[in-house]
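All values below come from the heavy atoms of this structure, side chains included, with hydrogens, waters and symmetry mates left out. Note that ligands are numbered from 1 as they come in the structure, with each ligand's atoms numbered from 1 the same way.
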Amino acid sequence: MTAPTASRVALRGDLLDFTAAPAWGDVEPAGLRFRPDHWLLVEDGRIVGAQPGDQPPGDDWQRHDYRGRLILPGFIDTHVHSPQLDVIASYGTELLDWLATHTFPAEARYAEAAIAHEGAARFLDALLAHGTTSAVAFPTVHKVSVDALFEAAAARGMRLAAGKILMDRNAPPELVDDVENAERECTELIDRWHGVDRLAYAVTVRFAPTSTPEQLAMAGRLVARHAGVYMQTHLAENRAEVQWVHELFPEARSYLDVYARHGLLNERSVFAHGIWLDEADRAALAGAGAQIAHSPSSNLFLGSGLFDWRANLDAGVAVSLASDVGGGTSLSMLRTMADAYKIQALRGERLTAWVALHAATRGAAHALQLGSEIGSLEAGAEADLCVWDVAVGPVARQRDGLARSLHARLFAWMTLGDDRNLVDAWVAGVRRTPLAQDA
Ligand SMILES: [Zn+2]
């Protein structure tokens, strides 16, 4: 699947990205940048500029003509579990049962190197096939699963943050380890992978109930010791889970406070879900510069709750979008955006295509402290690009033909589209054309 690296590449199409966050409800935001029929110029893996379609670059540029199609920054999925592709679309449970019934057995298989390597390759190829070029991912507790995922991401040139899952209680014996061993393995993995190519280590606490206070303290030490590492975990996804956390950590003011007390709340913290929070929690998140990885598909599928996006926005909390596969039912960020819209509709709110698209690109990049690297088509950024058909099939094409505004077109794209709409994926200026869907 490796394409030759071309040092100078020009892509012609309708360029769409953001220069600022769109306001809630605004269908014509100032920060939206739409440049129909332009060449996007990429040199040595980075965007160097753009020019109108009738001014083609010279013959020393490898030119790709995508006229009539959208060229967007690659999507950033800020919360997804690589081994859980094996349990996507599993019937019949809420969060805590779902973990025990479906997730833990699937993750246990990743102790085996061959399964970990195959699974990592399948997962990353599937992300690319859905137009996702960067991810913040959970492999498993097994060190080999982390090595396998980082190796596979490096082979594809992808930006990826991941880390060994930390669990030392309330999980099957084959998925827990002790504080000392976990600290040693995490330190080895950080030394091996953090900052290599486009890879970053994320100290990965599954969630508060599966860690002892001692293990959470160790995770906090890792974050304090290693500059630039991320921290990822789950937060306030489900009411039974929140109640359990109150019982396990009675001294903490709230679920979020459990993490804050252990040094796990900062601007590189990625908290999945964050549905059942209060104002004090949101103020703490905003104050720390931490982000919520909103996972609408998973929240609907597991019946977890309806995320209050506006309350987070009003409190100044960064909100990114995430598939949360296997709780989520699709790796497609289009399907994820469509589900996010439906959650807001159930809350009596309206999510514009722009707020959703921004959260999956520039918003996520900024929340990850990577705003100058990914998530936009700005000169200087890494050329992670996806080319999209706005409409595929007679129903979507008819709808697109009748759309009267750019927002109407893009809203229909996000609502009706999926991986079939993806034409090409480019990662750091290299074409990584997705594998055939039935391969
Ligand atoms: Zn998750």
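Legend: residues meeting side-chain hydrogen bond (donor to acceptor under 3.5 Å, both in side chains) with S134, ordered by chain and number and at least two apart, are absent. Considering only residues two or more places apart in sequence or on other chains, A383 meets the side-chain contact (heavy atoms from CB on, under 4.5 Å) condition with V42, I47, L385. By the salt bridge (charged side-chain N to carboxylate O under 4.0 Å, His left out) test, D86 pairs with R109, R122, sequence neighbours left out.
Between H294 and H79, the side chains place no donor N or O within less than 3.5 Å of an acceptor N or O (distance only, hydrogens not considered).
Within the protein, the N, O or S atoms lying under 2.8 Å from the Zn ion (ligand 1) are H79 NE2, H81 NE2, H234 NE2, D324 OD1.
Between F150 and W193, the gap from one ring centroid to the other is short of 6.0 Å. Aromatic ring centres of F75 and W388: separated by under 6.0 Å.
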